[in-house]
Amino acid sequence: YVILSILIAFEIAIIVHLFIKDIRVTLITFFIALINPWLYIYSRSPTEAPVALFFALLGIIFLFKNSKGFYYSLIFFIFSFFSYQAAKPVIILLVLGLLGIHKKFISNKITKDYLIYLLIFSGIIIIYFIISFGALGSTLSYRKNELIFINFNKYADIVNEQRRASLD
């Protein structure tokens, strides 16, 4: 995880260099990233978050580096999506936002390429959620009833009971 955090700092510096093209700013960014408290914690605790961050940053690099890496970035965003549970909503929004930025400022791809990219990405995510909600015993199938907030009193009672139990 220490090596992974150093690679994350390096990826952040590469992303800054892709947009700013100033080697001094790139080096300053790299050294600031090395003393970043989050990367410090990530390098000392084996969690899934730095793995998801590593793949997401790699996806950003491939997306903006050149036109050949456009579809390769999809692979890394998918890896990031699957590597950490909490990254799922963030990666979906990140990919949509980054494709919008790419289309507005880079725009060397035709709209068909963006649609294919989104179809592949969306298809994989939809298949994941269909399988996850359908599989018996999976976390999503077990907790899918919590996503519907029709009876607020029921959930208020559950939350109050859990609070009382935690205080005891």
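Model, not experiment: these values are computed from the prediction. Both backbone and side-chain heavy atoms feed into the values below; hydrogens, waters and symmetry mates do not. Throughout, residue positions are numbered sequentially from 1 according to the sequence presented.
- Interatomic distance, Leu53 CG to Glu48 CD, rounded to the nearest 0.5 Å: 13.5 Å.
- Counting only heavy atoms from C-beta outward, the side chains of Leu39 and Leu34 never approach each other to under 4.5 Å.
- Contact record, Pro50 with Ile8: O-CD1, 3.4 Å, taken as the closest heavy-atom pair.
- Counting heavy atoms from C-beta outward, Thr26 and Ile20 have side chains that stay 4.5 Å or more apart.
- The hydrophobic cluster containing Val90 does not contain Leu118, counting ILVMFWY residues as joined when their side-chain heavy atoms lie under 4.5 angstrom apart, directly or transitively.
- Both Leu7 and Phe30 are part of a single hydrophobic cluster, where members link through side-chain heavy atoms under 4.5 Å apart.
- By the 4.5 Å heavy-atom criterion applied to side chains, Phe121 and Leu74 are counted as neighbours.
- Tyr1 and Thr47 are not linked by any side-chain donor-acceptor pair at a separation below 3.5 angstrom, with hydrogens and angles left out of the test.
- Between Ile60 and Phe77 the shortest side-chain heavy-atom distance falls below 4.5 Å.
- Between atom OG of residue Ser80 and atom CD1 of residue Ile75 there is a gap of 13.5 Å, rounded to the nearest 0.5 Å.
- Leu18 and Ile32 are members of different hydrophobic clusters when ILVMFWY side chains are connected at heavy-atom separations under 4.5 Å.
- Side chains of Ile91 and Leu94 form a contact here, defined as non-hydrogen atoms less than 4.5 Å apart.
- Between Leu99 and Leu63, the closest side-chain pair of non-hydrogen atoms falls below 4.5 Å.
- Interatomic distance, His17 NE2 to Leu27 CG, rounded to the nearest 0.5 Å: 9.5 Å.
- Residue Ser73 comes nearest to Gly59 through the heavy atom pair CB-O, 3.1 Å, listed as atom of the first residue, atom of the second, then distance.
- In this structure, the ring of Tyr128 has its center less than 6.0 angstrom from the ring center of Phe82.
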Dump the intermediate steps for side-chain contact (heavy atoms from CB on, under 4.5 Å) on Phe76 and Ile61, then the final yes or no. CA-CA 10 Å; Phe76 296 112; Ile61 291 170; over 6 Å; no

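- For Arg24, the CZ atom is loosely surrounded, since the number of other residues' heavy atoms within 6.0 Å does not exceed 12.
- Proximity of a side-chain donor or acceptor of Thr29 to a complementary backbone N or O of Val25 within less than 3.5 Å is detected.
- One finds the CZ atom of Phe54 at 4.5 Å from the CD atom of Glu11 (value rounded to the nearest 0.5 Å).
- In this structure, the side chains of Arg163 and Asn160 come closer than 4.5 Å at one or more pairs of heavy atoms.
- Remark: side-chain polar atoms of Ser5 are not paired, donor with acceptor, to backbone N or O of Val2 under 3.5 angstrom.
- Note: Leu119 CG to Ile124 CD1 = 11.0 Å, rounded to the nearest 0.5 Å.
- Residues Ile15 and Phe64 are not in side-chain contact: their nearest non-hydrogen atoms beyond the backbone lie 4.5 Å or more apart.
- Separating the OG atom in Ser43 from the CD1 atom in Ile3 is a distance of 11.0 Å, to the nearest 0.5 Å.
- Side-chain polar atoms of Tyr42 and Asn36 form no donor-acceptor pair below 3.5 angstrom.
- If you chain together hydrophobic residues whose side chains sit under 4.5 Å apart, Phe70 and Leu96 fall into the same group.
- By the 6.0 Å contact criterion, NZ on Lys65 is open, its count of non-hydrogen atoms from other residues, nucleotides or ligands being 12 or less.
- Hydrophobic clustering of Ile, Leu, Val, Met, Phe, Trp and Tyr side chains at less than 4.5 Å, counting indirect connections, unites Leu58 with Phe19.
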